[in-house]
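Shown next, in structure tokens, is the structure this report addresses.
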Amino acid sequence: MTTSETTAESRPRTRGAEGRPWTRGDAVLAAGLVMVAVQLVWKFDLVRRSYFRQDDFTFIARGLEHGLTWDYLMRVDYGHLVPGPFAIQWALGRLGVYNDVLAHAVAMTLLGAAGLALLRLLRLLFGPRPAILVPLAFYLLTPLTISSLSWWAVLIETLPFQIALPMALSSHVHYARTGRFGHALAAAAWTAAGMAFFVKAPFILVLALALSVGWLRRPRQWPAWALYAGVVAVYAVVFFRQLFTSVQLTDDTVRPSLPSLSVAARFAWTLLWGSLAPGTFGGPWKWLPIGDDYAIAATPPALAWAALGLAAVAVAVSIRYRRRAWLAWLILLGYVLLADVVPVLIGRVEQLGPDLGGYELRYVSSTSMVLALVIGLAFIPLRDEERPWLRPAPRLRLVWVPLAAVVAAGSIWSVTAYGHLPLGQHVKSYVETARVALKRTPPGAVIVDTYVPAKVVVATFFYQYALTSKVLGPIAAHPVTWTGRLNGPVSGPLVFDDQGRLRPVSIEGAVVPGRSPCTRVGPAGVHFRLPLSLPKGAWTAQIGYLNPVETTLSVRLGGTETRVPAGKDLGSTYAAVEGGGTDLVLRTLDGRSACVGEIRVGIPRPALNATAVPPQPVGG
């Protein structure tokens, strides 16, 4: 800091109620606080319209199924050791199940805390100079974090990390400047807290090491590094033990593997070219919706190349004028490769593919915090830093102002474009409609347990946790009976339609019309010819009857026999049959006779011509 800067900073501007001079540092702090507050107001509209999606329902359901045990908290979910989010999901399930108002309050609290933590770190590193408002503004505006804010499971992992990172680094800076070991303990504690929420948290201490090597050189830091190494070692032992022993939704354990070199290179390049570089300069400007409630980057190629070119110019300019700027950019590159690219390569790139995965901004959302720090290190001298510049700055010192204005405008455009999505509107309508339907259903009603629509939970990813009993069962106002297959006499079975309404079950498939007055079935098998051939599989047969006495029917569709009771008088029974073909064979097993009417063989579906409960979707 120059003498003129020091004089300007200490010069009083106004006086407060007690006569204390109002310094430039106070003005910078006030401006930073206002910026954080304005960001919260701006992003609140997006957050309040979001809702739970996909694995959010799985995590909440798992929390309701388990106690707050070690096994529940420490299960590694496809490469993520996240006891903190699991604990929050456990609590959320007991505070209203799908309580989106509480989730929004948590999200806004964490978002505000992350902004304040970064402001604290920037003031600590660079002093209360106006320049720190630039990296702060970048973090508050960048679209890199937007898709994460609309997904509860991602938000509850990344935002605590974005709080822990600047808080841990602030404590380490205090330690490096004062030598007080208590600050090192605080840095280790903040890092451990981050580790409880996000798998990238160990890299906080790598960033601390880079800061020490490049800018915070102080002798005898080994006690802190011994402590930090111990924290990382304990985390590594726990992580890898749980990684190889945790049972996934596939009832199997993880077998980490790396993709081919070409796939890895393509993913890394797409992430840099299509996501990180454009997001740094206000992109992606255009989004590719994934369903109604989420989107990935769809950066126009020309703008992606332009962003990459601007990034190269910014790096070159900083390296030319700012001492050790090269190290700042090396920190960013190392973080992106080790923390953003490698975990995805090991865990999910084979499922998503390099292109789809590369445009996923949630993989670089937490990098926005690191990037804000790197921007500061590359362009702003640290407080009391000696010889920060390699050469005098050029005369056009404010050439960055129009660039910053363009980036800010692009960021606002991109965030606004994302906000045009329906976000959680349709999923919330489905859940709240189902809540009303279950409330109006009599206790003990039989509901066929089908998969919820893919817009709510994709069954190919989440298996049994995509069933209505898992997703909607927790919000039932009173006990109901869930059944995977209708078998035997069932009175008035119901099933959910795609809007979350309950309707009577209709068996859709092949229909054998009843004869007048009926078809007699006795101990000898009677063949009923289906109007179409059914492929081999699992089917449901609905058999109408008008019986003089109760009996037991044997039902066969070219496969194994199914035995079901058939009552007295007029009614129907269901049989879960395995097989296929065109012949349904019925016979009685107790020597009595049955009088069979209409027969339907197919799949249970909502009866669209029947009255739905409720008649209209909630909020639809």
Side-chain angles (χ1 to χ4, degrees), residues 114 118 121-122 125-126 131-132 134-145 148 158 161-162 164-166 168-169 172-173 194 198-216 265 267-283 297 304 307-345 358 360-382 388 400 403-404 407 411:
L118 176 61
L121 175 62
L122 294 174
L125 277 174
F126 306 108
I132 66 172
V134 175
L136 177 65
F138 164 80
Y139 173 75
L140 299 178
L141 287 173
T142 181
L144 290 173
T145 62
S148 296
T158 56
F161 168 76
Q162 293 173 55
L165 187 150
L169 292 183
H172 179 72
V173 170
F198 205 34
V199 72
K200 299 179 183 181
F203 291 97
I204 294 175
L205 298 179
V206 177
L207 295 175
L209 175 62
L211 278 176
S212 291
V213 170
W215 294 274
L216 302 174
F267 168 73
W269 169 251
T270 305
L271 195 69
L272 172 65
W273 176 82
S275 293
L276 184 60
T280 302
F281 291 95
L308 198 62
L310 285 173
V313 170
V315 170
V317 168
S318 66
I319 291 176
R320 175 173 174 79
Y321 292 100
R322 174 79 169 96
R323 195 178 301 276
R324 289 182 294 278
W326 62 270
L327 180 57
W329 298 117
L330 187 62
I331 291 171
L332 177 64
L333 178 62
Y335 180 87
V336 170
L337 292 177
L338 295 177
D340 293 340
V341 174
V342 171
V344 180
L345 292 182
E360 265 279 18
L361 288 189
R362 65 188 172 99
Y363 290 142
V364 291
S365 62
S366 61
T367 308
S368 59
M369 181 67 73
V370 179
L371 187 50
L373 174 62
V374 166
I375 290 172
L377 293 173
F379 290 99
I380 306 173
L382 268 68
W400 60 270
L403 176 60
V407 171
S411 299

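All values below come from the heavy atoms of this structure, side chains included, with hydrogens, waters and symmetry mates left out.
We find the OG1-CG distance between Thr270 and Leu276 to be 12.5 Å, quoted to the nearest 0.5 Å. Rounded to the nearest 0.5 Å, atoms CG (Leu332) and CG (Leu373) are 10.0 Å apart. In this structure, CD in Glu360 is found 9.0 Å from CZ in Phe267, a value given to the nearest 0.5 Å.
Across every non-hydrogen atom of Ala297 and Ser275, the tightest pair is CB-OG, 4.4 Å. Phe198 and Ser366 get closest at one heavy-atom pair: CE2-OG, 3.6 Å. Across Ala378 and Ala325, no two heavy atoms sit closer than the pair O-CB, 3.9 Å. When every heavy atom of Leu118 is checked against every heavy atom of Ala372, the shortest pair comes out as CD2-CB, 4.0 Å. When all heavy atoms are compared, the tightest approach of Pro143 to Gly279 is CD-O, 3.8 Å. Of all non-hydrogen atoms in Thr142 and Ser411, the two that sit nearest each other are CA-OG, 4.3 Å.
Of the possible polar contacts, one joining the Arg322 side chain to the Leu377 backbone as a donor-acceptor pair under 3.5 Å is found.
At a threshold of 4.5 Å between non-hydrogen side-chain atoms, the residues Trp326 and Ile319 count as touching. In this structure the side chain of Phe138 reaches within 4.5 angstrom of the side chain of Thr280, judged on heavy atoms. Residues Val364 and Val336 fail the side-chain proximity criterion, which asks for heavy atoms closer than 4.5 Å. Leu403 has its side chain within reach of Leu310: a pair of non-hydrogen atoms, C-beta onward, lies under 4.5 Å apart. The side-chain heavy atoms of Thr367 and Leu144, taken from C-beta on, include no pair separated by under 4.5 Å. Side-chain contact between Leu205 and His172: absent, with no pair of heavy atoms (C-beta onward) separated by less than 4.5 Å. Taking 4.5 Å as the limit, some side-chain heavy atom of Ser148 sits within range of a side-chain heavy atom of Arg362.
A parallel orientation is assigned to the rings of Phe161 and Tyr335, their planes being inclined by less than 30° (bins at 30° and 60°).
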